[in-house]
**Q** 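Next up is a structure, given as structure tokens.
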Amino acid sequence: MKKGKRYIPPSSAGFSFFITGEHILLRVYYDAVCYKKIPEQERDDRGQFLPRQWEKIPLSDGGVEVEFSPESQVQHIVFNGKARIDALWRRYRTGYIVTITMSNNQNIDDEKNGKEFIEEQNEKTLFNVVLHAIVESGQVGIYPSKNRAFLTDEEKEVALRYKDLHIYAVGHGAAADWAFNKQGKMEIKVDFIPTVEVPQLTASTGSGDDTPLIFAFLKMCEGEKHHEILHSLTLFVSNYAGWIEAQSRRAAHEDDEEDKKTAQSIIEKQHLAHNRMRRGVELLQKSRNARIAFATMNRAMLLQWISNDRNRGIEKKESQYRWRPFQLAFILMVLESVVNEESQYRDTLDLIWFPTGGGKTEAYLGVMAFLFIYRRLAYPASYGGTVAIMRYTLRLLTSQQFIRANKVISALELIRRENGELFGREPFSTGLWVGGATSPNTYYQAVKMAEDGQFNKLVISSCPWCDAPFSKKNYIAGNDRFHFTCTNPLCDFGKNPKNLLPCNIVDEALYQNPPTLLIATVDKFARLTWEERAAAFFGLNGNRPPELIVQDELHLISNALGSIVGLYEVAIDTVLITRGMRSKYIASTATIKNAKQQIRTLFGRDVAVFPPSGIRCDDSYFAKSVPLNEKPGRLYVGYLAPLLSRQRCLEPLAAILLSAPIEVFGDMEAHMDRWWTQIVYHGSLKGVGNSRTLYQSGIPYLLERVTVENLKNEIEKFFPGFTDDKKLVTIDDFNRVADVEVKGIVEKYPLRDLNVNVLTSNQSAVENNQVFMALEKGRGESGAVDVALATNMISVGLDVSRLAMMIINGQPLTTAEYIQASSRVGRGETPGIVFVNYYKTQARSLSHYENFRSYHDAFYRFVEPSSLTPFTYQARSRALHAALIIALRYGNIGLLTNDSAGEFDRDNQAVRKVIKEMKRRCAVAVHYGQEEIERVHLHIDELVDGWRERADYCRANRIKLVFNSKDRSFDNLICNFNEENGLWPTLQSMRNVENSALVKLFGKVRREQQ
Ligand SMILES: [Zn+2]
């Protein structure tokens, strides 16, 4: 027998499941087809080859079913020897794990190469493979997973919450699906294009009376009506208690003792949240200041929503504006710990865990507005300056949030102006403190931008309150000032002769007038090491330091960035404590795992997740899954092209999807826009580059072929034989048709001319913003986007409601990333559809493909804990000294100014106090016990000694030691990483740590080896 090359994998597909029973019997149903090339290759009139024609050959060989039992034959040869079906039985506990597979049995001639090889391979490939196992007798059990004994407490809770979602099979080389058939028998099958519809979560839940959610009702809390309002809030809170009761009753019925215990620990967290909400209401009962603050906050929220709608021409009744229950519940829960420094929960970081788009921002804007008012009432002499710092990780997102926060602050400011001196003389204001790529850092830059008409670089291009577009006159820029103004006489701000808007974006302006709410990127805080003027944000001139720190999208602070952030956090916390403030921390995230450890490491605090989960994943009272029969979910579709390389496997999928809007919705003009824009997500910049090439050549080529094919089918429906008679092959041939009726059909199938855009960190913020804006444009509008190739930068910032279709090109590294990215589509009325293009050569891709259903049924379950390790040597050597400098400079002990670096005295009482506090804060966050704490403390001591030696040396040699100066006659304590003119190389931004590698390559790497 001639030895042949093995058929190129994947040569088999199948699935495994667990089964028990006395007389197990499986019927396995199978089918497949193959394609044979029609030999003669025809040329058209112009002598060009026609596209290759293939003939479909059914392989069903009569006996399309075989039987298996543990005792029976284990292999069936089928399709005339072309394939075989195997059953592998392995004993497991009281039954078997069975694996059923169909394998391609054919070989390919060893001597064939190149084109000939490919042709033979194509002819020997099995298509449309069907493989079903019908369980005639026997019991399919849950597919075995990780032994519960090895789970952490958190994993046990997660396992309980997903207890009702069972995995019955895993696929091999394909996905597996299962269901009971009409005869009530379990049927398991291979699924090459698996789909799962993931239900949406809703925040609009809660039970009983909606009155306590209404802003217009709650804003009366300061007056005589407050008893009524507090009564209503008490009911709101006790409804939650009622639900917890029901959870307890349900927990008592868990069939497993271990599950009962786990349920109890979940319920304890619910009780805690409930008790804290009650405390919030009690605070409102006891404190008049709290009531005024609560009422005013609700008034501000109402005003800003009305203003928002008025700008869009929407008119609603006041009573229609209301909180979502989870927002109000969160605010009530944190109130007490936000204003009471002695609160038992002051040191608890309250983490809002809610899927994207749930309204987290409004919840903490509410908390802030409450605090801003309360502080003015409670501390009339020291309320000024920055009260809250809100931090983001992505620049783009930051500007969007800035505009949203401006609304609320503007409302507060209008209320302040109406109320004489009640809320103080200092305006409420918002400040954006970010890198120079997003907003100008100096007055000089701002003046230049305003003069050159580069308004998009000035962040705000219309009035945050009335939406009136800005022109040059709205930017007041000078050598020592920068302001936005509104000149719309109908606007509450514009009609005022002093028409300044309460927001700013220029760093120098923020240092001069620290804003009530400072919005910043985390990496900007690296500037504290270099910059003395930022002390303005930490309570200068007798003002209290900031008392609230909000961290948005917490899950993005992980890995290298997270480790560095963790060290700067030590510094910021130390500064606040040294200045007499134990600040309250709030954070939010859409995906979280192991929050407890992460938050301890990052912020040195305990965490309380809100809303606490329920004992099942579909209901936490404040968030519920919406059943699919009530509202469509997001549809995920898996795709794997086993014969195509990683570089090219996207081509057919992308081409088919580009033709889909016309093919599927051709007659429905309104629908066509919904899938018009393809968002293609990539895990790397390299991936974007590769796809860009495909969208220039391979995909348009296939798109034309698909379009021609669709066109042909449509014409043949009405005019059989027409396309062959006229020899219509290319799109140009069709376009030349004179027949009026056929022409009408041709016009319905235009070949799309692709406008391909890119969204990556390689582009400037301005360029990306332009793409984001273009994505809003519908089909047919000039500049509408056909394709946007993006990296993970869309995972947070993108919020365009018309987008409904996405391709995820390659399984992302983490589940959190996968959830974040895919939830960018289907945010509007059209439900989202997400195609995942898996790579056959990537283990991660394959594993996700084979476990498609079980993964998507419960993907929040698979979110990985993020790792951050600020106290490793690598992280400390980059940033611990920076943290020390910030702690000492900002600690209000006379070391702030640039030239004070030389005055450092480690034996000074105040200096020792700061260092002690910093060491304490590190110790709280350190994960690996006493030894690690000692290492960190030792490192701090070494840094202190290093600084002292430098200061002594400079003093002895009459050199001035400064933190950093360009003046060469000075000695620098810090310098940039690429310079050598200072003691400690220091980061300018935390972001640049992401690109750094810990491994250095020596010598040349030969290209072939890569
Ligand atoms: Zn205005």
Side-chain angles (χ1 to χ4, degrees), residues 215-216 219 296-316 318 321 361-362 365-366 368-369 372-373 390 398-420 423-433 438-440 446-447 449-451 453-478 481-506 509-510 513 515-519 769 773 776:
F215 298 125
K219 75 172 187 177
T296 312
M297 173 267 279
N298 277 288
R299 211 176 136 205
M301 295 310 277
L302 175 65
L303 280 181
Q304 61 105 14
W305 280 119
I306 293 178
S307 145
N308 217 17
D309 279 351
R310 198 196 301 126
N311 295 341
R312 294 196 249 154
I314 302 169
E315 216 170 301
K316 286 203 270 190
E318 278 201 354
Y321 296 99
T361 308
E362 274 67 33
L365 283 172
M368 283 179 203
F372 294 164
I373 297 284
M390 183 148 66
T398 311
S399 351
Q400 284 174 352
Q401 300 296 347
F402 176 63
I403 290 164
R404 254 160 108 182
N406 267 336
K407 274 254 163 215
V408 179
I409 299 294
S410 299
L412 282 177
E413 173 57 11
L414 288 172
I415 295 172
R416 184 194 68 85
R417 291 181 188 179
E418 277 170 17
N419 278 276
F423 299 132
R425 286 183 177 191
E426 189 177 304
F428 288 103
S429 61
T430 330
L432 185 70
W433 194 49
T438 306
S439 74
V447 168
M449 287 170 190
E451 278 173 1
Q454 298 174 301
F455 302 136
N456 53 7
K457 291 190 175 168
L458 293 164
V459 184
I460 299 182
S461 54
S462 60
C463 170
W465 192 248
C466 70
D467 260 6
F470 281 176
S471 65
K472 208 163 185 164
K473 63 179 186 297
N474 295 92
Y475 304 97
I476 309 291
R481 67 201 167 123
F482 181 86
H483 295 290
F484 297 106
T485 66
C486 179
T487 44
N488 172 10
L490 301 173
C491 171
D492 294 321
F493 286 95
K495 70 184 176 195
N496 198 313
K498 275 190 186 166
N499 56 1
L500 301 188
L501 290 167
C503 51
N504 219 316
I505 52 149
V506 180
L510 301 177
N513 288 302
T516 320
L517 169 59
L518 181 73
I519 297 180
N769 252 331
M773 275 176 336
E776 305 265 4

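In this chain, numbering begins with 1 at the start of the sequence shown. Just follow the structure's listing: the first ligand is 1, and inside any ligand the first atom is 1. In what follows, every heavy atom counts, from backbone to side chain, and hydrogens, waters and symmetry copies are set aside.
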**Q** Step by step, would you call Leu412 with Phe423 a side chain to side chain contact (heavy atoms under 4.5 Å, CB included)?
**A** CA-CA 10 Å; Leu412 282 177; Phe423 299 132; over 6 Å; no

**Q** Take Arg404 and Glu362 through the salt bridge (Lys or Arg N to Asp or Glu O under 4.0 Å) test and state the conclusion after the steps.
**A** CA-CA 9 Å; Arg404 254 160 108 182; Glu362 274 67 33; 3.2 Å; yes

**Q** Closer than 2.8 Å to the Zn ion (ligand 1), which protein N, O or S atoms?
**A**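 As for protein N, O or S atoms lying under 2.8 Å from the Zn ion (ligand 1), they are Cys463 SG, Cys466 SG, Cys486 SG, Cys491 SG.
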
**Q** Under the criterion ring pair (Phe, Tyr, Trp, His ring centres under 6.0 Å), which of Phe470, Tyr475, Phe484 is the partner of Phe455?
**A**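 It is Tyr475, the one option of Phe470, Tyr475, Phe484 that forms the ring pair (Phe, Tyr, Trp, His ring centres under 6.0 Å) with Phe455.
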
**Q** Are Leu302 and Glu318 close enough that some pair of their side-chain heavy atoms sits under 4.5 Å apart?
**A**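 A side-chain contact exists here, since the closest heavy-atom pair is under 4.5 Å.
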
**Q** Is it true that a side-chain atom of Ser307 and a backbone atom of Leu303 form a donor plus acceptor pair closer than 3.5 Å?
**A**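 No.
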
**Q** Identify which one of Asp492, Asn311, Asn308 satisfies the side-chain hydrogen bond (donor to acceptor under 3.5 Å, both in side chains) criterion when paired with Trp465.
**A**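 Of the listed residues Asp492, Asn311, Asn308, the side-chain hydrogen bond (donor to acceptor under 3.5 Å, both in side chains) partner of Trp465 is Asp492.
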
